[in-house]
Amino acid sequence: MKLFSTNDKNNTVSLRHAVLNAFPPDGGLYMPCELPQLYSGFFREIKNLHFTEIAFRVCEKLLSGAIPDEIMWSIIQSSFDFPIKSTQLDTSLCVQELYHGPSLAFKDFGARFMAHLMSYYLKDNDEKRTILVATSGDTGGAVAAGFYDVPNIELIILYPSGKVSALQEKQLCCWGNNIHTIEIEGSFDDCQRLVKEAFLDKQLCRSYTFSSANSINIARLIPQSFYYFEAYKNAGIEEDLSICVPSGNFGNITAGLMAYKMGLPVKHFIAATNSNNTFTSYYKSGFYQAQAPVETISNAMDVGDPSNYPRLMFLLGSTWNKVKEIMRSWSHNDKDTRNAIKEVWDKYNYLLDPHSAVAYLSAREYHKTHKAKVCIVSTAHPCKFQNTIESCTGVSPEIPPRLASQISQFIKPAKIQPSLESFKDLLLDRTSST
Ligand SMILES: *Cc1c(COP(=O)(O)O)cnc(C)c1O
């Protein structure tokens, strides 16, 4: 398997290189040179395949021998040792629950697969890596759970102060060992910027070999494409299917488009956004204009300049016409999101977290003009947003025991201003004192 940079098609690298280095020096993003079609019988057989078998067959095609089969199979089995549940709300609407992994968010799929893949690549050479990850809420918890105790890897998590939920903060600060957490007095975009700047800083790069675990790392996106095939399997193959994805950095929906390019029959991909509607505005106007992020109750989607936009545009041939053809997009404010949580509870006796509720609203808009069945990609367990859910519905979703015991310890994070200077001081101070 070869990958190229979205800024330079001639700059190609191996999967190992792309996974360990996260992004190319030219500022682009790595993408597979080829998204091969799955073999013709695949979509007929799919209903008899377990999710891990689906994942393996997609890998066989996409990775085309980059990893030996038996290692690939063991990475898949240890990464996806939790269920995907599919719930039918009514005949034209189903919810695919992707939040039954250790951090209770869909990001476990990407984080665990990436951790196992990196560990495989580093093990033999006894190489070390420091992974920097900026999180708007869920990424950090998933990545920490994925990397905890993984040899040769140290993880540094940056999160925006006061902008993640109380539970999310506990999930970021419960680890110790090879996991370090830093609270940034700024926005998520500040955290992302610090990660980018640290990567380019010569002085830091003399002390650290960095890698990234954000959705810019292709090892996060590849496994996210697998569950779109699972959604197709669960939806019943005869009907038209559209998939609705609550979107922030647009990694999740980009993975869906990768599956589409590999032959997955989907009518439309619906990008549901909260008040951070940069993409929805682009969809309507054909004009892309990054915005400053605003805070919402679906905070993992508070992104003003989605970092996977170049990948998405590449997949759609960089034309607005193609975007209009295969995608739909709506944006929804907090008030409507709260009403949606209540509506779904009243109507279906079902709890949606605020992110999935944004997707529900887009699905409803879509059904005003389209008949296709819609599968909502549900990204987080409602218990992660207990206060919001309780204020909307009067019920308080319980935290599963496994997570409750994980977060019982709290290790106070370092706290810094959102400047490269402060970040460098902290990182260089660590190396000089150890
Ligand atoms: C990260 C996240 C999203 C947004 O996913 P992107 O890949 O960044 O578009 C949506 N919902 C939840 C719960 C998330 O954690």
Side-chain angles (χ1 to χ4, degrees), residues 29 95-111 114 133-146 157 159-160 163-165 167-169 171-172 188-189 191-192 213-225 227-228 243-259 269-280 293 296-312 327 329 331-332 337 341 351-362 376-385 388-389:
L29 298 168
V95 182
Q96 165 144 284
E97 299 172 4
L98 298 176
Y99 53 70
H100 297 290
S103 79
L104 304 187
F106 81 103
K107 291 192 170 77
D108 285 321
F109 284 88
M114 175 176 57
V133 61
T135 183
S136 58
D138 280 332
T139 304
V143 171
I157 304 169
Y159 74 95
K163 298 194 175 65
V164 303
S165 77
L167 180 68
Q168 284 174 334
E169 187 162 40
Q171 286 185 290
L172 298 173
F188 171 60
D189 286 7
C191 297
Q192 289 208 109
N214 276 90
S215 56
I216 47 179
N217 195 316
I218 194 74
R220 288 260 313 267
L221 286 202
I222 289 171
Q224 290 184 14
S225 70
Y227 51 68
Y228 287 90
I243 299 186
C244 185
V245 188
S247 295
N249 251 326
F250 280 69
N252 199 1
I253 203 164
T254 297
L257 286 164
M258 282 165 59
F269 283 92
I270 306 164
T273 59
N274 62 22
S275 296
N276 296 277
N277 61 359
T278 302
F279 182 82
T280 306
T296 73
I297 56 168
S298 46
N299 64 354
M301 289 152 57
D302 294 352
V303 181
D305 189 7
S307 58
N308 281 292
Y309 175 74
R311 278 187 173 129
L312 185 131
M327 295 185 74
S329 186
S331 121
H332 312 279
T337 307
I341 293 172
L351 291 178
L352 284 175
D353 88 281
H355 305 78
S356 310
V358 170
Y360 170 80
L361 287 167
S362 283
I376 292 171
V377 168
S378 181
T379 48
H381 194 297
C383 81
K384 299 189 82 172
F385 305 89
T388 305
I389 303 297

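Atoms within a ligand are numbered from 1 in the order they appear, just like the ligands themselves. Since the structure is predicted, the reported quantities are computational estimates derived from the model, not experimental observations.
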With only distance considered, is Ser247 within less than 3.5 Å of ligand 1 through an N or O on each side?
no

Flag, side chain of Thr337 to backbone of Val358, donor-acceptor distance under 3.5 Å:
no

Polar contact flag for Phe250 and ligand 1 (N/O pairs, less than 3.5 Å):
yes

Which ligand 1 atoms are under 4.0 Å away from a heavy-atom of Pro246?
4 (C), 10 (C)

Under the criterion side chain to side chain donor-acceptor pair (under 3.5 Å), I'd like the reasoning laid out for Asn308 against Arg311: C-alpha separation, chi angles, the key distance, then a yes or no.
CA-CA 5 Å; Asn308 281 292; Arg311 278 187 173 129; 2.8 Å; yes

Against heavy atoms of Lys107, which atoms of ligand 1 measure under 4.0 Å?
1 (C), 2 (C), 3 (C), 14 (C), 15 (O)

Please report whether ligand 1 has a polar contact with His355, defined as an N or O pair separated by less than 3.5 Å (distance criterion only).
no

Students often mix this up, so state it plainly: with edges at 30° and 60°, are the rings of Tyr309 and Phe279 parallel, tilted or perpendicular?
perpendicular

Taking all atoms of both residues into account, what is the closest heavy-atom pair of Lys163 and Asn299, and its distance?
O-ND2, 3.0 Å

Below 3.5 Å, N or O to N or O, backbone or side chain included: is there any such pair between Gln224 and ligand 1?
no

Any nitrogen or oxygen of Thr379, main chain or side chain, under 3.5 Å from a nitrogen or oxygen of ligand 1?
yes

Looking at residues at least two apart in the chain, or sitting in another chain, which of them share a ring pair (Phe, Tyr, Trp, His ring centres under 6.0 Å) with Phe188?
none

Is the closest N or O pair between Gly251 and ligand 1 shorter than 3.5 Å?
yes

Looking only at distance, does Ala380 have an N or O less than 3.5 Å from an N or O of ligand 1?
no

Who pairs with Gln96 by side-chain hydrogen bond (donor to acceptor under 3.5 Å, both in side chains), at least two apart in sequence or on another chain?
none

Ligand 1 atoms in contact with Asn249 (distance to a heavy atom under 4.0 Å)
6 (P), 8 (O), 9 (O)

With a 3.5 Å distance limit and no angle check, can you tell me whether Arg220 reaches the backbone of Ala213 through a side-chain donor-acceptor pair?
yes

Donor-acceptor side-chain pairing of Asp302 and Asn276 below 3.5 angstrom
yes

Close approach, Tyr99 and ligand 1, non-hydrogen under 4.0 angstrom
no

